[in-house]
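Here's the structure, in structure tokens; my notes come after.
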Amino acid sequence: MPHLAPSPRHEIAHLGHVELLTPEPEKSLDFFVNVLGLTENGAQGDSVYLRTWDDYEHHSVKLTAAKTSGVGRTAMRASSEAALKRRVAAIEERGLGIGWVDGDPGIGPTYAFRDPDGHEMEIYWETEKYDPPGHLRPSLKNQAQAYPARGVCVRRLDHVNYLAQDAAANGGFVCDALGGRVTEQIRLDSGVISGQWTHFAQKSYDLVYTNDWTRSSGRLHHIAFATDTREDILRAADIALDKGVFIETGPHKHAIQQTFFLYVYEPGGNRIELCNPAARLIFAPDWEPITWTEAERAKGQAWGLKTIESFHTHGTPPV
């Protein structure tokens, strides 16, 4: 029998961490620690490393001081050393590689690359499991860190939503080169795919691309953190109100992916989503993308809340 190359499906295990750029590093750090409830886990140069309480690796967010807001590199962990090498070969075949770089603290050999829109990404295999100090050691040994009981107390980094000139081209790259799969998408009356939600494992989405109305490249729409319950999203709105954090829209429920959400801006100007995807997982190996029409999306969110104008116009860095 002929030898079959392994399928790229599941060769990316999960979203690892994301670098967020901010022109207000001290205020942004206070937001992530005291409003969202992340824990500092070291600093290096212009960057501070932050982690949610149940992500198992060294950090979930690399917060980097910069002249403007936006997204730096998004990191994904491969499912094995062999899978890492195969995904690197697939990326290089498409001419989008940057090359091998030193990994962030806690991360081993790392390969950097760009998506077709210019967003920088990286993949790695070797990683350091978080070993909490005594005051952060959980009573239950099957969670990564003690519950911090501070602010919103987000549980994990959930997904990244990028703005792009061509959502479908970038979603295609995630599927063909990284082994992702489109779970849901929006098709306009013109036939243009204006947004695609892709995933790597059972969680229903990890990387999202939506068309940038400014026709710019390399921008961020938002990064998202998951909470334990939908009630946490309501509590987060009260916390944001008390802390003077700008609420853009929500709390409400998306029609796409059925995520309960709240969108706020952190002090550096980046949009942050607090989300609870409930128990929605994708198990079907032959899942077909759910396609939403322009008319269906015009109805607004799941319970009729209209999508506000800034949701289509605000991105970082600003243009």
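The analysis underlying the following values was restricted to heavy atoms, covering all of them including side chains, and did not include hydrogens, waters or symmetry mates.
- Below 30°, between 30° and 60°, or above 60°: for Tyr263 and Phe261 the angle between ring planes is between 30° and 60°, a tilted geometry.
- The hydrophobic clustering, which links ILVMFWY residues whose side-chain heavy atoms are closer than 4.5 Å, places Val245 and Leu36 together.
- A distance-only check finds no donor-acceptor pair linking the side chain of Thr259 to the backbone of His254 [under 3.5 Å].
- Using bins of under 30°, 30° to 60° and over 60° for the plane-to-plane angle, the ring pair Tyr205/His159 lands in the tilted bin.
- Residues Asp158 and Lys203 have side chains in contact (heavy-atom distance under 4.5 Å, counting atoms from C-beta outward).
- Criterion: ILVMFWY side-chain heavy atoms under 4.5 Å apart, direct or through other members. Under it, Leu163 and Ile272 are not part of a common hydrophobic cluster.
- Closest approach of Ala144 and Tyr130 over heavy atoms only: O-CD2, 3.6 Å.
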**Test log, rule side chain to side chain donor-acceptor pair (under 3.5 Å), inputs Trp197 and Gln185** = CA-CA 6 Å; Trp197 284 251; Gln185 62 185 1; over 6 Å; no
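- Leu274 and Ala236 get closest at one heavy-atom pair: CD1-CB, 3.6 Å.
- To the nearest 0.5 angstrom, Thr68 atom OG1 is 8.0 Å from Leu21 atom CG.
- Grouping Ile, Leu, Val, Met, Phe, Trp and Tyr by side-chain contacts under 4.5 Å, direct or through others, puts Tyr147 with Trp53.
- Exactly one of Phe311, Tyr209, Tyr162 qualifies for a side chain to side chain contact (heavy atoms under 4.5 Å, CB included) with His221. That residue is Phe311.
- Using a 4.5 Å cut-off on side-chain heavy atoms (C-beta onward), Asp104 and His58 make no contact.
- Atom CG of Asp102 has 12 or fewer heavy atoms from other residues, nucleotides or ligands within 6.0 Å.
- Side-chain contact between Asn161 and Leu207 is absent, with no heavy-atom pair separated by less than 4.5 Å.
- Using cut-offs of 30° and 60° on the angle between ring planes, the pair Tyr56 and His14 is perpendicular.
- With sequence neighbours excluded, no residue satisfies salt bridge (Lys or Arg N to Asp or Glu O under 4.0 Å) with Arg77.
- Here the shortest heavy-atom pairing between Phe200 and Ala13 reads CB-O, 4.5 Å.
- Considering every non-hydrogen atom in both Ala226 and Pro277, the closest pair reads CB-CD, 4.5 Å.
- A tilted orientation is assigned to the rings of His17 and His59, their planes being inclined by 30° to 60°.
- No more than 12 heavy atoms of other residues, nucleotides or ligands shown are found within 6.0 angstrom of CD on Glu26.
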**Message:** Let's go through Phe225 and Phe32 carefully: what are the C-alpha distance in whole Å and the side-chain angles of both, what is the deciding distance for side chain to side chain contact (heavy atoms under 4.5 Å, CB included) to 0.1 Å, and is it a yes or a no?
**Reply:** CA-CA 11 Å; Phe225 297 90; Phe32 282 103; 4.0 Å; yes
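- Lys62 is not listed as a side-chain neighbour of Val18, based on a closest heavy-atom distance of 4.5 Å or more.
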